[in-house]
K.L.:
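If you scroll down you'll find the structure; I have some questions about it.
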Amino acid sequence: MNVVTRFAPSPTGYLHIGGARTALFNWLFARHHAGTYLLRIEDTDKARSTDDAIAAIYDGLQWLGLAGDQPAVSQSAQSARHVEVANALVAAGAAYQCFLSAEELTSIREASKNSGDTVRSPWRDRGPSEAQLGKSFVVRMKMPSDGSTTIKDAVQGNVTVQNKVLDDMVILRADGTPTYMLAVVVDDHDMGITHVIRGDDHLNNAFRQYMVYKSMGWQEPVFAHIPLIHGSDGTKLSKRHGALSVGAYRDMGFLSDAMFSYLLRLGWSSGDKDIISRDNAVRLFDLDRIGKSPARFDNDKLRDINANYIKQMDSHSLFELIAKHFTASSDAAQQRILYMLPLLKERAKTHLDIAESVSYLIVDGPIDMDADAAVLLTNETKDILLDLNKALTFAKWDLEGLKVVINTFLEEKDLKMRDIGLPLRAAITGKKQSPSIIEIMVALGRSETNTRLQMACKLL
RNA sequence: GUCCCGUUCGUCUAGUGGUUUAGGACACCGCCCUUUCACGGCGGCAACACCGGUUCAAAUCCGGUACGGGAUGCCA
């Protein structure tokens with residue numbers, strides 16, 4: 001079978017984490033089966049849909065490498081077709097016109113809540129001859145009142161509901177526009193979707209939609225309802241959990257591949273593997289490896305995965321990433337950063353961590369001194385550092401050369417590296433923490449190191 | 001209320017009736033490495049929601065309870 005999947009977001013906001021993972025699973029399943037992955041914008045609710053949201057969704061998908069194989073279909077553009085199907089459904093007796101007023105509906109709902117019975121419109125049993133001409137109506141599906149329906153869900157297994165609990169959903173609004181419940185079925189059918197992979201908040205809807213397939217004599221797709229992603233406290237992901245949009249994670253410095261890898265492992269697994277490349281994911285992905293319980297979003301784990309990807313990056317790619325976040329004052333500064341990058345990336349969770357920590361490599365001449373670093377430079381330590389600076393005059397300026405000179409200096413002064421390491425770092429970087437200070441001296445070069453030691457150690 | 005789904009360390013998960021003293025990863029703690037912070041190495045803490053049943057044997061199968069989630073919209 002030629003597999004066709006789709007990701008069908010409603011454009012009411014940015015692409016959020018949950019949507020991104022749904023897109024990912026659809027993309028992966030299609031790729032695994034050498035099928036097609038399509039995009040559809042579910043904008044049947046015109047009031048809530050915006051162009052900005054559509055752009056943001058495309059942007060997020062693009063970043064994750066989950067753009068559709070064909071231009072996205074706009075659901076609202078298909079409304080004539082949806083209406084046509086609705087009319088066919090009415091003609092076949094599978095749907096009916098309902099003239100219930102808002103008040104009547106409310107009281108029926110009220111009554112059904114008390115009795116436990118499903119909401120039913122009296123109009124489902126009235127013939128077309130009783131239609132109230134000129135009055136507005138909606139079109140509802142006529143759900144069977146007995147028997148049961150079983151859906152073989154690829155993730156949830158066999159799920160059965162009694163048909164009598166299915167409500168007569170509205171498929172055409174009073175203004176004649178189609179609802180999502182109808183549009184989703186018609187579009188999935190027309191687009192030849194073979195596998196509907198979506199959030200399990202749609203599991204109940206699947207039974208209602210199933211009736212449309214049956215009434216139209218259409219083959220229903222394979223359903224795969226995947227559990228939603230929850231926040232760290234186990235509740236539905238919402239604003240108070242912090243960032244939700246894919247774009248926000250990109251802005252926080254997370255790599256596309258890391259996000260891809262993390263999202264993949266949220267609810268899906270392949271043995272013990274934690275970090276899975278795109279290629280391997282395509283090769284390994286399968287619906288029956290998707291878990292049935294909701295996963296919580298864990299920022300620490302994401303950061304760890306991202307750190308792994310950062311470590312694997314080559315220096316030049318990494319430099320391009322971080323270079324957007326500062327302006328190097330000279331070519332020399334660029335060379336210093338390139339030299340230090342292998343060391344810097346070992347200690348970073350995101351490339352932003354690196355960009356924020358290299359101020360001492362960017363500038364030439366005097367550097368900004370952090371307060372906690374400044375206190376390490378007492379008059380006593382300044383004297384020692386100035387002496388060291390003199391001793392450095394004839395050092396061979398590479399890692400080994402510097403080590404030799406510094407060790408000799410320490411022996412002569414009867415000191416240990418721990419006695420001068422911190423002040424030396426403070427004087428040269430203006431910081432209390434950094435990678436190996438000797439490596440930094442190598443990166444900075446002789447004259448820049450001398451300058452900084454002299455500037456920082458001027459006695460007051 | 002009714003219907004549907006779920007429940008293994010704090011978190012993501014491995015586990016598909018005996019291979020399990022329930023494994024890995026993140027987080028946390030300790031030790032080592034070390035000029036600092038990290039990284040890395042080693043070690044530690046820590047889970048089958050509960051109650052019954054089936055079976056020689058159950059985290060795994062069945063039933064119930066509890067808790068969580070979803071649906072019950074002229075939203076998607």
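The chains referred to below are lettered A, B, ... by the order of the sequence lines, with proteins before strands, and numbering in each begins at 1.
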K.L.:
Tell me whether the OP1 or OP2 atom of B:C74 has a side-chain N or O from A:R140 closer than 4.0 Å.
P.N.:
yes
K.L.:
Give one of base, sugar-phosphate or nothing for A:M169, where a contact means two heavy atoms less than 4.0 Å apart.
P.N.:
nothing
K.L.:
At under 4.0 Å, does any side-chain N or O of A:R289 touch on OP1 or OP2 of B:A14?
P.N.:
yes
K.L.:
Can a side chain N or O of A:R303 be found less than 4.0 Å away from OP1 or OP2 on B:A38?
P.N.:
no
K.L.:
Where the side chain of A:S293 is concerned, which of B:G6, B:U35, B:C12 is the nearest nucleotide?
P.N.:
B:G6
K.L.:
How long is the straight-line distance from NZ of A:K390 back to CG of A:L453, given to the nearest 0.5 Å?
P.N.:
12.0 Å
K.L.:
Name the closest nucleotide to the A:D298 side chain, picking from B:U13, B:C26, B:C74.
P.N.:
B:C26
K.L.:
Between the protein and nucleotides 22-24 of chain B, list every N/O to N/O distance that falls short of 3.5 Å.
P.N.:
unit_1, atom_1, unit_2, atom_2, d
B:G23, N2, A:D272, OD1, 3.0

K.L.:
Between B:U2 and B:A59, how far apart are the P atoms? Round to whole Å, please.
P.N.:
33 Å
K.L.:
Out of A:H82, A:Q78, A:R81, which residue meets the side chain to side chain donor-acceptor pair (under 3.5 Å) rule with A:D187?
P.N.:
A:H82
K.L.:
How far, in whole Å, is B:A57 from B:A46 if one measures between their C1' atoms?
P.N.:
27 Å
K.L.:
Please confirm whether the backbone N or O of A:M313 pairs with a side-chain atom of A:S317, one donor and one acceptor, at under 3.5 Å?
P.N.:
no
K.L.:
Whole Å only: how far is the CD1 atom of A:I310 from the P atom of B:C39?
P.N.:
14 Å
K.L.:
B:U54 pairs with which nucleotide, Watson-Crick or G-U wobble, both distances below 3.5 Å?
P.N.:
none
K.L.:
Suppose we call a contact any N or O donor and acceptor under 3.5 Å apart; does that hold for the side chain of A:D304 and the base of B:A25?
P.N.:
no
K.L.:
B:A76, OP1 or OP2 - any side-chain N/O from A:R198 closer than 4.0 Å?
P.N.:
no
K.L.:
For A:G68, does its backbone N or O pair with a side-chain atom of A:R6 as donor and acceptor, under 3.5 Å?
P.N.:
no
K.L.:
Between the side-chain atoms of A:R48 and the base atoms of B:C75, is any donor-acceptor pair under 3.5 Å?
P.N.:
yes
K.L.:
Using heavy-atom distances to pick each residue's nearest nucleotide on RNA chain B, tell me which of A:V165 and A:R21 is more 5'.
P.N.:
A:V165
K.L.:
For the side chain of A:A174, counting heavy atoms from C-beta on, which of B:U36, B:C4, B:C74 is nearest?
P.N.:
B:C74
K.L.:
Near RNA chain B, counting only heavy atoms under 4.0 Å, which residues of residues 143-162 of chain A show up?
P.N.:
A:Q156, A:V159, A:T160, A:V161
K.L.:
Would you say A:P11 and A:T50 make side-chain contact, with heavy atoms under 4.5 Å?
P.N.:
no
K.L.:
Suppose you measure atom P in B:U8 against the same atom in B:C3; what distance do you get, rounded to whole Å?
P.N.:
25 Å
K.L.:
To the nearest Å, give me how far apart CZ (A:F297) and C1' (B:G10) are.
P.N.:
17 Å
K.L.:
Can you tell me if A:D43 and A:S76 form a side-chain donor-acceptor pair at under 3.5 Å?
P.N.:
yes
K.L.:
Report the nucleotide, chosen from B:A76, B:G40, B:C74, that has the shortest atom-to-atom distance to any side-chain atom of A:R109.
P.N.:
B:C74
K.L.:
Identify which nucleotide among B:C4, B:A76, B:U36 has an atom closest to any side-chain atom of A:Q433, counting heavy atoms from C-beta outward.
P.N.:
B:U36
K.L.:
So which one's nearest nucleotide on RNA chain B is more toward 5', A:A295 or A:K432?
P.N.:
A:A295
K.L.:
Could you tell me whether the side chain of A:D304 and the main chain of A:D300 form a donor-acceptor pair under 3.5 Å?
P.N.:
no
K.L.:
Are any of A:R208's side-chain N or O atoms less than 4.0 Å away from OP1 or OP2 of B:C4?
P.N.:
no
K.L.:
May I ask you to decide whether A:E380 forms a salt bridge with A:K382, counting only side-chain N to carboxylate O separations under 4.0 Å?
P.N.:
no
K.L.:
Base, sugar-phosphate, or nothing for A:N205, non-hydrogen atoms under 4.0 angstrom?
P.N.:
base
K.L.:
Choose from B:U35, B:G6, B:C26 the nucleotide whose nearest atom is closest to any side-chain atom of A:P294.
P.N.:
B:G6
K.L.:
Taking only the C1' atom of each, what is the distance from B:C29 to B:A49 in whole angstrom?
P.N.:
27 Å
K.L.:
By nearest atom, which of the nucleotides B:C74, B:C4, B:C39 is closest to the A:N204 side chain?
P.N.:
B:C4
K.L.:
What's the verdict on side-chain contact (heavy atoms from CB on, under 4.5 Å) for A:F99 and A:V138, showing C-alpha distance, side-chain angles and the deciding distance?
P.N.:
CA-CA 7 Å; A:F99 292 85; A:V138 298; over 6 Å; no
K.L.:
Within less than 4.0 Å of OP1 or OP2 of B:G1, is there a side-chain N or O belonging to A:K113?
P.N.:
no
K.L.:
Is a salt bridge present between A:D168 and A:R120, judged by a nitrogen-to-oxygen distance below 4.0 Å?
P.N.:
yes
K.L.:
Does A:F254 have its ring centroid less than 6.0 Å away from the ring centroid of A:F260?
P.N.:
no
K.L.:
Suppose you measure atom P in B:G63 against the same atom in B:G73; what distance do you get, rounded to whole Å?
P.N.:
29 Å
K.L.:
Between B:G41 and B:C26, how far apart are the two P atoms, rounded to whole Å?
P.N.:
9 Å
K.L.:
Just by distance, with hydrogens left out, do A:T429 and A:R425 show a side-chain donor and acceptor under 3.5 Å apart?
P.N.:
no
K.L.:
Counting just side-chain N and O atoms, does A:S434 come under 4.0 Å of either OP1 or OP2 of B:U36?
P.N.:
no
K.L.:
Should the pair A:D274-A:K301 be classified as a salt bridge under the 4.0 Å nitrogen-to-oxygen rule?
P.N.:
yes
K.L.:
When you measure from the side-chain N and O atoms of A:K349 to the phosphate of B:A27, is any distance below 4.0 Å, counting only OP1 and OP2?
P.N.:
yes
K.L.:
Taking NE2 from A:H225 and C1' from B:A71, how many angstroms apart are they, rounded to a whole number?
P.N.:
11 Å
K.L.:
Answer yes or no: side-chain N or O of A:R425 and base N or O of B:U35 forming a donor-acceptor pair under 3.5 Å.
P.N.:
yes
K.L.:
When the P atoms of B:C28 and B:G18 are considered, how many whole Å apart are they?
P.N.:
36 Å
K.L.:
If B:C67 has a Watson-Crick or G-U wobble mate with both distances under 3.5 Å, name it; if not, just say none.
P.N.:
B:G6
K.L.:
Tell me which nucleotide among B:A76, B:A27, B:U35 gets nearest to the side chain of A:D300.
P.N.:
B:A27
K.L.:
Using atom C1' of each nucleotide, how far apart are B:U65 and B:U16 to the nearest Å?
P.N.:
26 Å
K.L.:
Can you check whether any acceptor in the base of B:U72 is under 3.5 Å from a donor in the side chain of A:S112, or vice versa?
P.N.:
no
K.L.:
Quick one: is A:T44 getting a side-chain N or O under 4.0 Å of the B:A76 phosphate, OP1 or OP2?
P.N.:
yes
